[in-house]
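Lettering follows sequence order; numbering is per chain, from 1. Just so it is clear, the model here is predicted, and its values are computed rather than measured. Only heavy atoms go into these numbers, but all of them, side chains included; no hydrogens, no water, no symmetry mates.
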2 protein chains.
Amino acid sequence: MIRVMLVDDQQLIRAGLRMLCDAAEDIEVVGEAGDGRAAIELATGLLPDVIVMDLRMPGVDGITATSRIVAARPSARVLVLTTFGDDDHLYPALQAGACGFLLKDAPPDELLTGIRQAAAGESPFSQDVLRRLVRRAVDARPEAPRPVEGLTAREREVLGLVGEGLSNAEIAERMFIGVTTVKTHITALMTKTGSPNRVRLALFAHRG
Amino acid sequence: MIRVMLVDDQQLIRAGLRMLCDAAEDIEVVGEAGDGRAAIELATGLLPDVIVMDLRMPGVDGITATSRIVAARPSARVLVLTTFGDDDHLYPALQAGACGFLLKDAPPDELLTGIRQAAAGESPFSQDVLRRLVRRAVDARPEAPRPVEGLTAREREVLGLVGEGLSNAEIAERMFIGVTTVKTHITALMTKTGSPNRVRLALFAHRG
DNA sequence: GTCCCTCTCCTACCTTGGTAGGAGGCGGCG
DNA sequence: CGCCGCCTCCTACCAAGGTAGGAGAGGGAC
């Protein structure tokens, strides 16, 4: 039996979620809280397996509550359930220690499987949240040889190394070519990208 | 019926996967390829719903194949199935356009549900891959007002402008100080941050 | 074949960046 | 008060970056 605690400021929502959980035979609602402060207190007493947490709440919000609860008990499984899945909610929530992130417009059984996943140590995410997560993670790749228009293969290579902060001599050594060749490529790169100096070129290498 | 194409250089693996898929009533294996080149050709002809793709392959590897396939048909669903889930495989694969990423040590039914998810437009990920994805995405939070230790107010100011790609002369003009003063600050910054040159300093200005 | 692009490298020159060392003014602190 | 840290600026020098122009080798397109 999975012991669940519900945190949401809207009583109606809480009631609906409780009914939903009660309908599942392996899930039991052991407590409810209407704001962050109550959630923190209740969680330390009840020690539920999974805490379903709304973010927008009066007083202490869900992010703060999550952060406190996880800080007090790192094994706590906080599953965020909210209406808004934008970056301003998602990343702070994950930063705070939430193990999953579901949206309220998800089908009911997604919440139930999400709760089961959270209890099992997994990380449930709504699909479009997941998509943004992936995009973000990919954009954050340090080695980002993002295809730049109009540059030759060799130029792209040089551009990447400039972006790493290497000097012309280092680039030459790395690419087994002469320093003058590197300069030739860099001059071409600066003209093509409109960079007045090497630092701007390096910045260009990172974000267009 | 979901039409699946299998890409893996090891024939034994392909046979195993084929049996697994054949056992599922809603999945049909319509083609196999042993390397990237064959995968690209076959995919354009078969137009499978889902392509299960290994990464390590002789000749054209899975990343390249994925990239080509997705470029040719953006609606293609490439599901990576590999032994290694490290960053060097994961992010290039996602960059190339893979819609999901599963590990070969996953339970068999995880692959089947993964294929179904991929066909349905979702993004299946193995749990520990997902965990790394989350960590990366969280670490990449742009709003990181990282206070830099040990730098004076003026130095931080110069650092910011270096990060913008300004030359010493431009920085001097902007800050109403002499070029030599700018140089003094920059020398201090480079020693403090351990940057061997201005580009590295600029990169430091952006992410520690 | 010819043309064009890419990659390679060269010389020469000028600008910018970066190092070394010193110095004066200012404000806080013991 | 004297000391220290920060900010300002200086000279001088050397290293590196960047510009201009040319040139040969190789490959693909026409």
Side-chain angles (χ1 to χ4, degrees), chain A residues 143-208, chain B residues 37 40-41 59-60 64 67-68 71-72 145-208:
Chain A
E143 310 281 320
R146 196 169 6 74
V148 183
E149 302 284 328
L151 300 185
T152 70
R154 218 55 173 153
E155 284 166 358
R156 263 189 288 268
E157 229 174 310
V158 173
L159 177 59
L161 296 177
V162 171
E164 304 276 324
L166 272 59
S167 69
N168 288 342
E170 289 168 326
I171 295 173
E173 195 178 353
R174 192 81 78 87
M175 291 177 64
F176 305 107
I177 57 177
V179 182
T180 58
T181 309
V182 176
K183 287 188 175 187
T184 305
H185 288 313
I186 286 188
T187 301
L189 281 167
M190 293 200 297
T191 332
K192 286 182 179 178
T193 63
S195 308
N197 59 52
R198 149 177 303 246
V199 175
R200 288 282 258 276
L201 190 60
L203 296 178
F204 179 90
H206 285 267
R207 37 186 211 300
Chain B
R37 175 178 301 275
I40 297 169
E41 288 178 12
V60 178
T64 312
S67 175
R68 293 275 182 81
R146 189 180 6 80
V148 182
E149 303 283 329
L151 299 185
T152 69
R154 216 55 172 155
E155 283 166 357
R156 263 190 287 269
E157 226 174 312
V158 173
L159 178 59
L161 296 177
V162 171
E164 304 276 325
L166 300 192
S167 69
N168 289 343
E170 290 168 327
I171 294 173
E173 195 178 352
R174 192 81 78 88
M175 291 177 65
F176 304 107
I177 58 178
V179 181
T180 59
T181 309
V182 176
K183 286 189 174 187
T184 305
H185 288 314
I186 286 187
T187 301
L189 280 167
M190 292 201 295
T191 22
K192 285 183 180 178
T193 64
S195 307
N197 59 53
R198 152 179 300 246
V199 175
R200 289 281 257 276
L201 189 61
L203 296 178
F204 178 90
H206 286 269
R207 38 183 210 298

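Residue N197(A) holds its CG atom at 7.5 Å from CE of M190(A), rounded to the nearest 0.5 Å. The structure places CD1 of I177(A) at 4.5 Å from NE2 of H185(A), a figure rounded to the nearest 0.5 Å.
Atoms CD (E157(A)) and P (dT6(C)) sit 15 Å apart, rounded to a whole Å. Per the geometry, CZ belonging to R156(A) stands 11 Å off P belonging to dT6(C), to the nearest Å. Per the geometry, CG belonging to L151(A) stands 16 Å off P belonging to dC5(C), to the nearest Å.
The list of side chain to side chain donor-acceptor pair (under 3.5 Å) pairs with a residue in residues 160-182 of chain B, not counting sequence neighbours, reads S167(B)-E170(B), N168(B)-R198(B).
Residues of residues 184-191 of chain B having a heavy atom closer than 4.0 Å to DNA chain C, listed by number: T187(B), M190(B).
Under the 4.5 Å side-chain criterion, counting only non-hydrogen atoms from C-beta, L159(B) is in contact with F204(B). Residues T193(A) and R200(A) fail the side-chain proximity criterion, which asks for heavy atoms closer than 4.5 Å.
In plain terms, the two heavy atoms of A205(A) and G163(A) that are nearest each other are CB-CA, 4.0 Å. Contact record, E155(B) with A188(B): OE2-CB, 3.5 Å, taken as the closest heavy-atom pair. Closest approach of V199(A) to G165(B), counting heavy atoms only: CG1-CA, 3.5 Å.
Within 4.0 Å (heavy atoms only), T152(A) reaches sugar-phosphate atoms of the nucleic acid but no base atom.
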Listing time: all N or O pairs from protein to nucleotides 14-17 of chain C that are below 3.5 Å?
{"from": "dG17(C)", "atom 1": "OP2", "to": "N168(B)", "atom 2": "N", "distance (Å)": "3.4"}
{"from": "dG17(C)", "atom 1": "OP2", "to": "N168(B)", "atom 2": "ND2", "distance (Å)": "3.4"}

Criterion side-chain contact (heavy atoms from CB on, under 4.5 Å) on V182(A) and M175(A), from CA distance to verdict: CA-CA 9 Å; V182(A) 176; M175(A) 291 177 64; 5.7 Å; no

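By the salt bridge (Lys or Arg N to Asp or Glu O under 4.0 Å) test, E157(B) is found to be paired with R154(B), residues two or more places apart in sequence or in another chain being considered. Applying the side chain to side chain donor-acceptor pair (under 3.5 Å) test to T184(B) and every residue at least two apart in sequence or in another chain returns nothing.
Mapping heavy-atom proximity under 4.0 Å, the span of DNA chain D touched by chain A runs 5' to 3' from dG17(D) to dT19(D).
The terminal axes of the helix from dG1(C)-dC30(D) to dG30(C)-dC1(D), fitted over 5 pairs per end, subtend an angle of 40° to the nearest 10°.
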